[in-house]
Amino acid sequence: MDTPEYVATLTGVSPQEPEPGDSALWRRRLRHDIRHELGTIIMLASAVVVADDIGAGSRERIEQLLGETRWLDHLIRQLDEDNDDDITTQPMALPERIRVDDLTAEVVTGMRLATSHAVGLEGTAAWAHMDPVALWRALRNVLDNACRVAASRVDVHVSVDQGWVTIQVDDDGPGFGAGTGGLASLGLGIVHDLISGYGGSLEIRTCEMGGASVRMLLPSAPPVEMTDPMETTHLPTDDWQLHP
């Protein structure tokens, strides 16, 4: 039987395959596929959130899902800006003046919908100069670790003191280093790398609930109406341990 012409055309021309060891081309194609799938998720979620046959609770979850996908889109865009020919370098995004308390509230809202634990949040208005995607990643890592090991509760506090913005995450789990497979240590290593490039630091200790207390410190950016130089001296208390 003769092969149909269109079949011969499809089978006779194949897409260019990456040469062995061409990791840069492989990564570009993988990012392309991820962007495509992410766009599909955003489109479907956007259609659901405006539907008239879902309740308020479901709508809130879909809106949060859209927020999470937007952060993923930011991450992929950062990957697109990287130099595939030089994977030894990790360029740091330029800092922006951001509301730390607002971004923290957004991350906490998403975590509350994704965990059965109670996640408390207290804070005051706080500004810092940092890449918002880097701060989002740092917060997510710390909160993911806390919720994974917590027995029932995680508390988040945002404050400003002596020129530093502090984001403190406490949990009622077994304490730092007692989690499964050392995942907490791995996550905090990522957090340290993310914030140290913007002048921040990471501290840990045992909190009053008995679990771990993780404190991220970022140089504070004063509100718009303030022009006085910010205080940049910070001395950690004796019971705090610098990480790493």
Side-chain angles (χ1 to χ4, degrees), residues 55-69 71-72 75 99-126 128 130 132-161 164-196 200-218 234 236-244:
S58 296
R59 195 179 308 278
E60 180 183 9
R61 289 176 173 84
I62 294 296
E63 288 175 347
Q64 188 61 39
L65 175 63
L66 282 170
E68 295 292 319
T69 55
W71 284 113
L72 288 176
L75 288 174
R99 276 286 297 265
V100 176
D101 54 312
D102 285 350
L103 195 151
T104 301
E106 180 180 347
V107 175
V108 168
T109 298
M111 191 59 61
R112 283 171 174 166
L113 296 174
T115 182
S116 59
H117 298 326
V119 183
L121 174 63
E122 293 182 357
T124 186
M130 187 175 177
V133 178
L135 183 55
W136 176 80
R137 291 177 61 193
L139 280 166
R140 283 299 300 263
N141 270 281
V142 173
L143 273 175
D144 282 343
N145 279 331
C147 289
R148 178 177 52 82
V149 301
S152 62
R153 184 168 185 83
V154 174
D155 285 333
V156 182
H157 303 268
V158 179
S159 60
V160 183
D161 184 39
W164 289 86
V165 174
T166 299
I167 310 170
Q168 183 168 322
V169 179
D170 301 334
D171 66 70
D172 61 353
F176 178 74
T180 304
L183 291 177
S185 178
L186 176 61
L188 290 181
I190 295 172
V191 172
H192 175 268
D193 290 344
L194 287 169
I195 66 176
S196 62
S201 62
L202 183 67
E203 300 172 350
I204 57 173
R205 71 172 182 183
T206 300
C207 69
E208 295 180 357
M209 292 191 292
S213 182
V214 178
R215 190 163 70 170
M216 293 174 283
L217 297 104
L218 302 169
H234 170 70
T237 55
D238 292 340
D239 55 347
W240 286 98
Q241 303 175 37
L242 288 173
H243 185 283

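None of the values given here were measured: they were computed from a predicted structure.
One N or O on the side chain of D172 and one on the backbone of S152 form a donor-acceptor pair closer than 3.5 Å. The backbone N or O of G123 lies less than 3.5 Å from no partner atom in the side chain of H157, so there is not a single donor-acceptor pair.
For the atom pair R153 CZ and H117 NE2, the distance stands at 12.0 Å (nearest 0.5 Å). To the nearest 0.5 Å, atoms OG (S159) and CG (L217) are separated by 8.5 Å. Interatomic distance, OG1 of T166 versus CG of L218, reported as 8.5 Å (0.5 Å rounding). Taken from CG in D161 to OG1 in T124, the straight-line distance is 11.5 Å, to the nearest 0.5 Å. Atom-to-atom distance recorded for L202:CG and H192:NE2 is 7.0 Å, nearest 0.5 angstrom. Distance check: L103 CG to L135 CG gives 5.0 Å after rounding to the nearest 0.5 Å.
Within the 4.5 Å cutoff, the side chain of V149 has no heavy atoms near those of the N145 side chain. Using a 4.5 Å cut-off on side-chain heavy atoms (C-beta onward), M216 and V142 make contact. Between R112 and L121 there is a side-chain heavy-atom pair separated by less than 4.5 Å. Side-chain contact between I195 and M130: present, with at least one pair of heavy atoms (C-beta onward) separated by less than 4.5 Å. Between I204 and R215 the shortest side-chain heavy-atom distance does not fall below 4.5 Å. Considering only heavy atoms from C-beta on, V169 comes within 4.5 Å of V154 through its side chain. N141 places none of its side-chain heavy atoms less than 4.5 Å from the side chain of L188. Within the 4.5 Å cutoff, the side chain of R140 has heavy atoms near those of the V107 side chain.
The heavy-atom pair separating T206 from G210 by the smallest distance is CG2-O, 3.9 Å. Residue C147 comes nearest to M111 through the heavy atom pair SG-CG, 3.5 Å, listed as atom of the first residue, atom of the second, then distance. V100 and T104 get closest at one heavy-atom pair: O-OG1, 2.7 Å. For A126 against V165, the heavy-atom pair with the smallest separation is CB-CG1, 3.9 Å. Shortest non-hydrogen contact noted between R99 and A125 is NH2-CB, 3.7 Å.
Among D171, D170, D155, V214, the single residue meeting the side chain to side chain contact (heavy atoms under 4.5 Å, CB included) criterion with C207 is D170. Among R205, Q168, E203, the one residue that satisfies the side-chain hydrogen bond (donor to acceptor under 3.5 Å, both in side chains) test with S213 is Q168.
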